[in-house]
Number of protein chains: 2
Amino acid sequence: MADGKGGLGPRGGETLLFLTDDQLRKGIEAMFFAYRGFTADPDRILDEYGYGRAHHRAIHFINRSPGTTVTNLLSILGVTKQSLNRVLRRLIEDGLVEARVGASDRRERNLHLTEEGQALERALSDAQTDRMRRAFRAAGPEAVAGFRAVLEEMMDPEQHRQYHRLSEAGR
Amino acid sequence: MADGKGGLGPRGGETLLFLTDDQLRKGIEAMFFAYRGFTADPDRILDEYGYGRAHHRAIHFINRSPGTTVTNLLSILGVTKQSLNRVLRRLIEDGLVEARVGASDRRERNLHLTEEGQALERALSDAQTDRMRRAFRAAGPEAVAGFRAVLEEMMDPEQHRQYHRLSEAGR
DNA sequence: TGGCAATGTCAACAACGCTGACGTAATCTC
DNA sequence: GAGATTACGTCAGCGTTGTTGACATTGCCA
């Protein structure tokens, strides 16, 4: 077995030829290996600072939405406040992130990257986009559109909303 | 280059219109959110067993290449043997994986899923492919091709080789 | 003033990476 | 046949990052 070229999908019910078990399994493995590549370059940089991916994610989204609150960051990252706080505390201690008391609501903390934080963000971002740029260029514009379309469909609805909200807020 | 889409990128340097900083940043975020969705369903199942993603990966690749050795699995997963051993030991204790002494080389352990292991593999695989099937169906065949093309380009060369080796071995 | 929201923090725990060190059995090489 | 190498297992310890639960503070709001 293990083919599926021709005829119906092997697991009853699937009528579209391109959705064989084999195609789906390859999709799973592609995601696994690609995600490893996707994180490999920033991981090397983070290592030098003694940081991990959690720090990267915090830095990324603070840079993306300067002035964002802790609660908002919490909902984007999908972790507990204790988990985020541990990361945030260190970034603040290290002088990469600044937490300003909210102007309208003084309970809130508006998060910003410092100069140093922005420098690290750029280094991480450059490392990651370099690989993505090469991949996009090699695959071509249409492949990129397909790539994005499939990824969007793969997100949970809530995450999909977050994803689009970021773009709007970006301007 | 060689594009034809015309027009320069907004942030000097990038000559291809579809490779703006914004496109690349969206690509990064799409990967982040999509990977979360990608792992969400199996994670829920694993939780019931007290297993994590490491167990899932081991089960997946043992199922994919029955009889594979520990060393081979190590190179696919890219972790240390101590790390893999902790996971493998528990799967063997729990009766999901069987480690048979190698026939030609008795130092090797040929790994197989038991009936019970196969049952869990199917449950995990079904959960994950359901989402992927819906995403593929919604995005269409051409998007799927693009998706896979970009992911392949994003892998490290070594991982890319592993990825293709799996398909060949599958039959 | 009392209730709720936003935040921070202590403590404990688990999963899963890592390094380093050792031991055993089996195979390979000279 | 002796010695090197390979395959595997395991002990110990450590770090990041996730979790739950509990508690305190501050500030907004009705």
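Predicted model only: the values in this text are computed from it and were never measured. In what follows, chains carry the letters A, B, and so on, assigned in the order in which the sequence lines appear, proteins first and then strands, with residues in each chain numbered from 1.
A/Q162 places a side-chain N or O within donor-acceptor distance of the main-chain N or O of A/S75, the cut-off being under 3.5 Å. Counting only distance, with no hydrogens or angles, the side chain of B/R109 and the backbone of B/R107 share a donor-acceptor pair below 3.5 Å. Proximity of a side-chain donor or acceptor of A/S83 to a complementary backbone N or O of A/V79 within less than 3.5 Å is not detected.
Computed from coordinates, the A/N85 CG to D/dC23 P distance equals 19 Å when rounded to whole Å.
Applying the side chain to side chain donor-acceptor pair (under 3.5 Å) criterion to A/T68, with sequence neighbours excluded, gives A/N72.
One cannot find a donor-acceptor pair under 3.5 Å joining the base of D/dG27 and the side-chain atoms of A/E108.
OP1 or OP2 of C/dC18 sits under 4.0 Å from a side-chain N or O of B/T80. For C/dA15, neither phosphate oxygen OP1 nor OP2 lies less than 4.0 angstrom from any side-chain nitrogen or oxygen of B/R57. Taking side-chain N and O atoms only, B/S83 has no distance below 4.0 Å to OP1 or OP2 of C/dC16.
Contact check of residues 88-107 of chain A against DNA chain D (heavy atom, cut-off under 4.0 Å) returns A/R90, A/S104, A/D105, A/R106, A/R107.
Taking the side chain as every heavy atom from C-beta outward, A/I62 and A/L88 approach each other to under 4.5 Å.
Heavy atoms of B/R53 sit under 4.0 angstrom from primed sugar atoms or phosphate atoms, though from no base atom.
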Report summary line: Given Watson-Crick and G-U pairs under 3.5 Å, DNA chain C in dot-bracket ([ ] crossing, | other strand) is ||||||||||||||||||||||||||||||
